[in-house]
Amino acid sequence: ADALASLAERRGALLRYQAEVRRIRVVRGRVDALELTDGERIEVAGVICNADQQALAAGAFGAEAARALGRIAWRERSLSAITWAGPARARGFPLAHHNVFFGGDYRAEFKALFGERRVPLDPTVYVCAQDRIDDGEPADPAGERLFCLVNAPPIGDLRSFGTEEIRQCELNMRNSIERCGLGLRRPCPPVVTTPTDFDRLFPGSGGALYGPASHGWRASFRRPGARTALPGLYLAGGSAHPGAGVPMAAISGRLAAQAIMEDYVSTSRSRRAAIAGGISMR
C-alpha cells in the first residue's frame with residue numbers, strides 16, 4: 001500500500017485521507033462533484049469508486065449514484081468468513097505458507113452456508129502460516145503468526161454473531177484440523193473477525209469478501225465492469241470485473257483508467273496547436 005501511494009504521488013496524485021464522501025453529486029445526467037461530510041465540495045470530471053459495489057447500490061453515496069447499479073440479494077453475494085489471527089505453535093507436520101484442510105462433506109458445507117444461513121459444523125479450514133515459505137520451519141519454533149479462516153454466510157448486515165456461536169465455530173475449526181493431524185497451541189487469544197465485522201469494514205457488502213457470488217456459470221458475466229450507467233462514474237476493486245484478489249483488483253484499476261482515458265478523449269475538445277515535423281522510429 002505504501003509503495004502504491006508513493007508511486008501515485010510521484011505521478012502527481014494528491015492523496016487525502018479521512019475525507020469521508022457523503023454524496024456523489026450529479027448534474028445534467030453525469031458526475032459533477034463530491035460532497036464531503038464536513039460540507040466541502042470537490043468538483044470532478046470523473047470518479048473511480050473502489051468501495052464494494054453494493055455500497056453504491058445501497059445509497060451510501062446518494063440516491064443518484066445508487067441508480068447506476070442494481071441491488072443484489074444476499075444469496076447472490078460471495079462467501080463471508082470467520083477468521084482467527086494471532087501467534088500460535090503448530091504441531092503434527094510442517095506447514096506450507098498456504099494450507100487447506102477439507103471438511104468431511106463439501107456438499108453439506110455449502111448447504112449450511114446458502115441453504116441454512118449458518119456456519120458449517122464440519123468446516124473446510126484455510127490456514128496461512130505467514131512466516132513460512134514452502135515447507136520451511138518458522139523463525140521462532142515457540143510460536144508463529146497463523147491466520148485461520150472458515151467460510152460463513154454473507155449475512156453480516158442481517159444479524160450478528162454471538163460469543164457462544166463464535167466459540168463453537170472455533171471448536172469446530174480445531175476439530176477439523178486436528179482430524180487431519182494438525183494441533184495448535186495459542187499463547188494468547190486470537191483476533192476474531194466475523195461477517196458482521198467485515199460488513200462494518202466494508203459497508204453494503206453484508207460481509208461478502210469477494211463481491212458478487214463467483215459460483216455459477218453466469219457469475220463472471222454479471223460482475224460489473226469499469227463503466228457504470230452513470231457517465232463519469234467508474235468502478236475498480238475486488239467487487240468489479242475481473243474479480244477479487246490483489247492481482248485482479250490491480251487489473252480492474254487498469255481497466256478503469258483505460259475507460260476514463262478513452263471516454264475523455266472521445267468527449268473533450270482539443271485546442272489547436274502547432275506540431276513540429278518529423279517521425280520518430282523508436
**Request:** Verify the distance criterion only: is there a donor paired with an acceptor across the side chains of Asn151 and Tyr126 at less than 3.5 Å?
**Result:** no
Can you label the angle between the Phe110 ring and the Phe114 ring as parallel, tilted or perpendicular, going by 30° and 60°? parallel
Under 6.0 Å from the CZ atom of Arg186, do we count more than 12 heavy atoms belonging to anything else shown? yes
From CA spacing to verdict: side-chain contact (heavy atoms from CB on, under 4.5 Å), Phe61, Val21
CA-CA 7 Å; Phe61 300 101; Val21 176; 3.9 Å; yes
- Message: Can you see whether Asp122 engages Ser176 through a side-chain donor-acceptor pair at a distance of less than 3.5 angstrom?
- Response: yes
Q) Hey, does the side chain of Arg174 reach the backbone of Leu184 with a donor-acceptor pair shorter than 3.5 angstrom? A) yes
### Query
Hey, are Arg159 and Glu165 close enough for a salt bridge, meaning a charged N less than 4.0 Å from a carboxylate O?
yes
- Within the distance-only criterion (no hydrogens, no angle test), does the side chain of Asp263 pair as donor or acceptor with the backbone N or O of Ile260 below 3.5 angstrom? no
query: Is it the case that Gln258 and Glu262 place a side-chain donor and acceptor less than 3.5 Å from each other?
result: yes
Donor-acceptor contact below 3.5 Å, side chain His97 vs main chain Arg132: yes
Counting distance only, does the side-chain N/O of Glu76 pair as donor-acceptor with the main-chain N or O of Ala73 below 3.5 Å?
yes
Taking Ile72's backbone N and O only, do any of them form a donor-acceptor pair with Gln54's side chain (distance below 3.5 Å, no angle check)?
yes
Correct closest heavy-atom pair for Ser78 and Gly211 would be OG-O, 2.8 Å
In terms of heavy-atom contacts, Gln53 and Ser239 come closest through N-OG, 3.0 Å
**Message:** Checking Thr196 against Asp199: is there a side-chain donor and acceptor pair closer than 3.5 Å?
**Reply:** no
When every non-hydrogen atom of Ala259 is compared with those of Ala226, the smallest separation belongs to CB-CB, 4.3 Å
For Pro242, is there any backbone N or O sitting under 3.5 Å from a side-chain donor or acceptor partner on Ser252? no
